[in-house]
Amino acid sequence: MPSEITMPQLSDTMTEGKVVKWHKKEGDKVSAGEEVADVETDKAVMPMEAFESGTLAVIAVQEGQSAPVGAVLGVIASAKENAGEIKKNFKPSGGSPSSAPAPPATGAKTQAAPASSSAPKPQAPQAPTGAPKPQAPQAPTAPPKAGGSTRLSSSQAAPGPAPAPPQKRCDYDVIIIGGGPAGYAAAIRAGQLKKRVLCIEKENLGGTCLNWGCIPTKALLEDGAFVRKIRTEANARGVTVGDVKVDFPKIIARSRGIAEKLSKGIAHLFRKYEVKHEQGTAQLLAAHRVKVNNKEMTAEHIIIAVGARPVELPFAKFDGKQIITSREAMNLPQQPKRIAIIGAGAIGCEFADFYNALGTEVTIVEMLDNLLPNEDQEVSVLLERSFAKRGIKVMTKTKTDKIEKTPGGLKLTLSGANATTIEADVCLVAVGVTGNVENLAAPEAKLELFKNRVKVDHKYRTNLENVWAVGDCVSIHFDSDSSMAGYRHPDLAHVAHHEAVKLVDTLASFHEADHETIDYRFIPGCTYTHPQVASMGMTERKAREAGHEIRVGKFPFSASGRALAAGESEGFVKLIFDKKYGELLGAHMIGENVTELLAELVLAKKLEATEDEIIEAMHPHPTMSEAIMEAAGVADNRAIHL
């Protein structure tokens with residue numbers, strides 16, 4: 001049967017909208033989920049998507065004309081129907097398009113064409129490539145009047161569409177599964193937009209990041225650096241100290257206290273924005289349906305934000321005492337004398353830094369060529385040198401083959417460039433993470449997964465209607481012709497946060513959020529070792545491999561007055577520019593507090609600032625940030641202090 005496209009209500013205050021542009025002509029083929037028109041509301045211009053596939057048989061409201069909410073804008077004929085006959089038999093309502101909408105023709109399905117960012121109306125998301133197409137629910141049809149057609153003739157008054165049978169309202173506008181950086185951000189944003197929100201979290205609000213990751217580890221790293229500086233720099237700074245003793249449990253307790261305080265802060269924000277919170281393990285039953293604590297709940301939209309957990313080595317299962325994850329590493333009952341760390345990504349390097357600063361003997365083992373393998377090679381090499389100076393044993397190009405428990409602790413058998421055995425009291429395994437998707441969805445829900453993560457497209461749509469996923473639990477599948485095709489989704493809290501807020505804004509039609517796409521090629525990344533590492537965009541090697549003609553500017557902190565005054569002259573700022581246009585392609589920094597400098601370059605990239613504009617932006621003196629201006633100057637032979 002034909003499907004009518006009607007004017008959707010895209011906000012609580014919207015009473016009518018204007019058709020700005022039709023993307024299809026009468027007679028064109030239309031696919032479910034495809035954008036068919038742009039509608040101007042009282043807030044923004046939003047795209048509308050078709051619920052059904054078929055042929056656009058009728059355009060009832062032309063470009064530039066306005067129509068009230070619920071008015072018929074067009075009609076889609078199914079594949080088995082004759083579009084010409086439907087157009088011939090279509091009877092427009094009396095009056096102009098701005099008048100009250102006509103009721104549907106006999107047998108036609110009435111449905112508001114959803115903006116791809118509409119929250120109140122259920123919409124049929126376009127499934128990720130290779131995923132089965134979701135089935136959109138049909139809106140109830142108006143019962144026919146005696147004599148056949150329900151449509152009034154042009155000579156009759158048209159008070160509005162025939163009333164549809166009442167539908168049960170969902171319990172919530174949005175249910176969010178997970179209360180980490182993605183989940184709680186989505187919940188708070190939806191609450192700010194006056195949606196009825198439920199956030200389900202099985203542990204403490206804040207997820208891994210706030211409770212067992214980003215925040216408490218930074219507290220540990222700061223305390224470790226404080227101890228190290230007292231031990232190694234006090235004399236040079238004119239300070240005499242006695243024997244420095246470390247109270248390990250007290251250091252751990254401080255980090256736990258910070259995590260607890262911030263988790264309570266999220267609970268306060270939930271109350272402020274009227275977000276309901278339930279502690280428990282949720283399971284997706286189907287589109288719009290969730291079960292938690294033996295209760296079933298419904299929502300117009302469900303957002304999955306369940307995060308990820310550490311990957312085990314197949315030959316060394318986690319026991320929480322000797323073979324541990326980062327969670328146990330920040331909460332050990334006593335400081336180990338020896339720790340082996342497998343994996344030299346951000347987590348592995350940060351814990352190596354912390355335990356070394358407190359006096360633990362640290363060995364870090366990495367299969368690839370360098371520490372922080374994803375960073376620019378010059379940065380990785382300098383970090384390795386810095387670690388070696390501090391007594392951290394770095395074994396790159398080395399594989400761990402076996403971990404055995406011994407009376408004295410653990411014995412690791414290694415192969416590769418450093419084939420040997422080493423002993424340790426505990427072994428931290430930090431080789432990556434995997435999605436928390438076990439029992440996430442009931443089998444009958446048929447939620448599609450990919451490599452133990454939730455499969456989504458670039459708009460975070462799963463294969464189920466109005467079920468979305470963001471954060472570390474997702475595997476994004478970009479179109480093959482996308483500029484981001486082949487890019488791996490980064491497991492970072494700030495990425496999860498931005499995805500969640502963007503998604504909620506999109507669903508609520510806020511500020512044309514759907515028109516902006518996160519560019520995963522330029523995600524900022526930070527590692528809080530000492531020296532710190534911060535980067536964004538292409539490394540020098542990748543820029544050359546991509547065929548760019550580049551200019552590279554590198555400015556050392558040893559030439560920075562502010563860095564010398566702080567006693568932090570180790571490191572540099574390295575910027576990579578396109579030679580022709582001066583476009584910033586990459587930024588790579590190592591040094592004290594460079595993680596705080598990175599935001600300037602993120603903003604510069606966002607605003608498409610060029611090499612010249614970075615040089616000409618006045619940087620205050622004396623600051624570490626001057627190194628950014630000077631690095632850009634080096635690339636263009638305009639640096640003053642080098």
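Just so it is clear, the values below take in all heavy atoms, side chains as well, and ignore hydrogens, waters and symmetry mates.
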Study note, to complete from the structure: Those residues at least two apart in sequence (or on a different chain) that pass salt bridge (Lys or Arg N to Asp or Glu O under 4.0 Å) with E328 are none
Check your understanding: Have T298 and D171 got a donor and an acceptor in their side chains that come within less than 3.5 Å?
Key -> yes
Check your understanding: Would you say the side-chain atoms of K605 pair up with the backbone N or O of L584, donor to acceptor, closer than 3.5 Å?
Key -> yes
Practice item. Indicate whether the side chain of H588 and that of E540 have a donor and an acceptor atom separated by less than 3.5 Å. Key: no
**Study point:** Closest non-hydrogen atom pair, C209 against P181
**Key:** CB-CG, 3.4 Å
Exercise for review: Sequence neighbours left out, what passes ring pair (Phe, Tyr, Trp, His ring centres under 6.0 Å) with H277? Give chain and number order.
Suggested key: none
Check your understanding: Only one of N436, L447, V467 forms a side-chain contact (heavy atoms from CB on, under 4.5 Å) with V454, so which one is it?
Key -> L447
Review point. Do L507 and W468 have side chains that get closer than 4.5 Å, going by heavy atoms?
Key: yes
Exercise for review: For T217 and G213, indicate whether the former's side chain and the latter's backbone hold a donor-acceptor pair under 3.5 Å.
Suggested key: yes
Practice item. Considering non-hydrogen atoms only, spot the tightest contact between F318 and I324 and give its length. Key: CE2-O, 3.6 Å
Check your understanding: How far does CG of L262 sit from SG of C214, to the nearest 0.5 angstrom?
Key -> 11.0 Å
Point to revise | Partner residues of E274 under the salt bridge (Lys or Arg N to Asp or Glu O under 4.0 Å) criterion, sequence neighbours left out | key: none
Practice item. State whether the side chain of S380 and the backbone N or O of N370 hold a donor-acceptor pair below 3.5 Å, judged by distance alone. Key: no
Point to revise | Intermediate values then yes/no, side-chain contact (heavy atoms from CB on, under 4.5 Å), L597 and M589 | key: CA-CA 9 Å; L597 302 183; M589 301 183 285; 4.1 Å; yes
**Study point:** Those residues that, when tested against Q279, pass side-chain hydrogen bond (donor to acceptor under 3.5 Å, both in side chains) (two or more places apart)
**Key:** none
Point to revise | Inter-residue atom distance I303.CD1 - L503.CG, 0.5 Å rounding | key: 4.5 Å
Check your understanding: Between E375 and K574, is the closest basic N to carboxylate O distance under 4.0 Å?
Key -> no
Practice item. Sequence neighbours left out, what passes salt bridge (Lys or Arg N to Asp or Glu O under 4.0 Å) with E260? Give chain and number order. Key: K264
Exercise for review: Would you mind checking if E448 and K455 are paired as a salt bridge, meaning a charged N to carboxylate O distance below 4.0 Å?
Suggested key: yes
Check your understanding: E600: what forms a side-chain hydrogen bond (donor to acceptor under 3.5 Å, both in side chains) with it, not counting sequence neighbours?
Key -> H619
Review point. Is a side-chain donor or acceptor of Q532 paired with a backbone partner of T595 at a separation under 3.5 angstrom?
Key: yes
**Study point:** Minimum heavy-atom distance N211-G206, with the two atoms named
**Key:** ND2-C, 3.7 Å
**Study point:** is_close_aromatic(Y520, F478), centroid dist under 6.0 Å
**Key:** yes
Check your understanding: To the nearest 0.5 Å, how far apart are CD1 in I76 and NZ in K24?
Key -> 10.0 Å
Check your understanding: So which heavy atom on C349 is nearest to which on T529, and how close?
Key -> O-CG2, 3.5 Å
Review point. Got a sec, which residues hit side-chain hydrogen bond (donor to acceptor under 3.5 Å, both in side chains) with R521, two or more places apart in sequence or on another chain?
Key: D519
Exercise for review: Mind jotting down which residue pairs meet the salt bridge (charged side-chain N to carboxylate O under 4.0 Å, His left out) criterion with at least one end in residues 203-221? Sequence neighbours excluded, please.
Suggested key: E203-R327, K218-E350
Point to revise | Donor + acceptor pair across side chains of E300, N466 (<3.5 Å) | key: no
Review point. Do D173 and H301 have a side chain donor and acceptor closer than 3.5 Å?
Key: no
**Study point:** Listed partners of E596 passing side-chain hydrogen bond (donor to acceptor under 3.5 Å, both in side chains), at least two apart
**Key:** none
Study note, to complete from the structure: residues 192-213 vs ring-ring contact (aromatic ring centres under 6.0 Å, His included), sequence neighbours excluded, gives none
Point to revise | NZ on K261 to CZ on R256, rounded to 0.5 Å | key: 15.0 Å
Practice item. Could you tell me whether the side chains of D457 and H477 share a donor-acceptor contact shorter than 3.5 Å? Key: no
Exercise for review: Taking all heavy atoms of I614 and all of A609, pick out the closest pair and write down the distance.
Suggested key: CG1-CB, 4.5 Å
Revision key, fill the gap. Residues H494 and I523: closest non-hydrogen pair is NE2-CG2, 4.3 Å
Point to revise | Whether E312 side chain and P314 backbone form a donor-acceptor pair below 3.5 Å | key: no
Review point. What residues, two or more places apart in sequence or in another chain, satisfy salt bridge (Lys or Arg N to Asp or Glu O under 4.0 Å) together with D472?
Key: none
**Study point:** With Y528 via ring pair (Phe, Tyr, Trp, His ring centres under 6.0 Å) - residues at least two apart
**Key:** none
Check your understanding: N293 and E278: side chain to side chain donor-acceptor pair (under 3.5 Å), yes or no, with the steps?
Key -> CA-CA 9 Å; N293 297 332; E278 181 139 357; 3.0 Å; yes
Point to revise | L428 vs I342, side-chain contact (heavy atoms from CB on, under 4.5 Å): CA-CA, chis, key distance, verdict | key: CA-CA 6 Å; L428 166 62; I342 302 175; over 6 Å; no
Review point. Side chain of E366, backbone of A344: donor and acceptor closer than 3.5 Å?
Key: yes
